[in-house]
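Note sheet for the following structure.
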Amino acid sequence: MSIPTINPAMQAALNQMQDLAGQAAGAVPRAGGQNLDTTVGSGGFSEALQSSLERINQMQTDAGDKAKAFQAGEPGVSLHDTMITSQKASIAFEMGVQMRNRLVSAYKDVMNMQV
């Protein structure tokens, strides 16, 4: 079973969550002695997550609009473009579901840690 690839911003967020979980468990900080910015409310991860969800929503809206336009017979809307747009939206949604699953798993791991 292969792990699906995710975009670099999401991978960076997952890496940061794993590092924070390691620090909470008493693990050694990242190589090179770098300290992680753990400021609450900095917005880095939450903004990336919010923008990803907005892009997924926009892709699904565009796919629906293009499908309606094709069904209505509007000129300039081809079946080829409609299907590509629909598949892009479907793949983006699946990526979002996988991201949610990983976040829930990471949350459960953190909640099960003993302090």
Side-chain angles (χ1 to χ4, degrees):
M1 181 172 171
S2 64
I3 297 173
T5 54
I6 56 177
N7 69 25
M10 294 296 180
Q11 186 62 44
L14 285 173
N15 290 339
Q16 186 176 12
M17 288 176 68
Q18 289 172 344
D19 289 341
L20 289 172
Q23 285 180 352
V28 179
R30 296 169 81 174
Q34 297 174 341
N35 291 328
L36 294 175
D37 180 20
T38 58
T39 305
V40 175
S42 63
F45 178 73
S46 64
E47 286 178 11
L49 183 61
Q50 181 67 28
S51 68
S52 294
L53 292 174
E54 288 172 0
R55 281 194 309 266
I56 291 169
N57 185 45
Q58 185 61 44
M59 290 176 86
Q60 289 183 326
T61 302
D62 291 345
D65 292 345
K66 193 167 273 200
K68 287 177 186 175
F70 178 76
Q71 290 171 355
E74 291 185 15
V77 181
S78 68
L79 176 61
H80 177 66
D81 291 337
T82 303
M83 293 306 293
I84 289 174
T85 304
S86 176
Q87 286 299 311
K88 284 181 180 180
S90 176
I91 290 169
F93 180 75
E94 284 298 318
M95 188 226 30
V97 169
Q98 291 299 320
M99 186 64 204
R100 185 215 49 194
N101 292 344
R102 287 184 182 202
L103 286 172
V104 168
S105 175
Y107 175 78
K108 287 179 181 179
D109 290 344
V110 169
M111 294 307 292
N112 288 332
M113 287 182 188
Q114 294 192 4
V115 179

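Everything quoted here is computed from the prediction, not taken from an experiment.
Of the possible donor and acceptor atoms, none in the side chain of Ser105 sits under 3.5 Å from a partner among the backbone N and O of Asn101.
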For residues 60-68, please give each side-chain donor-acceptor pair under 3.5 Å, one per line with the distance, not counting sequence neighbours.
| residue | atom | partner | partner atom | Å |
| --- | --- | --- | --- | --- |
| Thr61 | OG1 | Asn57 | O | 2.9 |
| Asp62 | OD1 | Gln58 | NE2 | 2.8 |

Atom pairs and distances, side-chain donor-acceptor, residues 73-85, under 3.5 Å, sequence neighbours left out:
| residue | atom | partner | partner atom | Å |
| --- | --- | --- | --- | --- |
| Ser78 | OG | Asp81 | N | 3.2 |
| Ser78 | OG | Asp81 | OD2 | 3.3 |
| Thr82 | OG1 | Ser78 | O | 2.8 |
| Thr85 | OG1 | Asp81 | O | 2.8 |

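The side chain to side chain donor-acceptor pair (under 3.5 Å) check on Gln87 picks up nothing, with sequence neighbours excluded.
In this structure, Gln98 CD and Met95 CE are separated by 10.0 Å, a value rounded to the nearest 0.5 Å.
A side-chain donor-acceptor contact under 3.5 Å links Arg55 and Ser52.
Pairing each heavy atom of Met59 with each of Ala92, the nearest pair is SD-CB, 3.7 Å.
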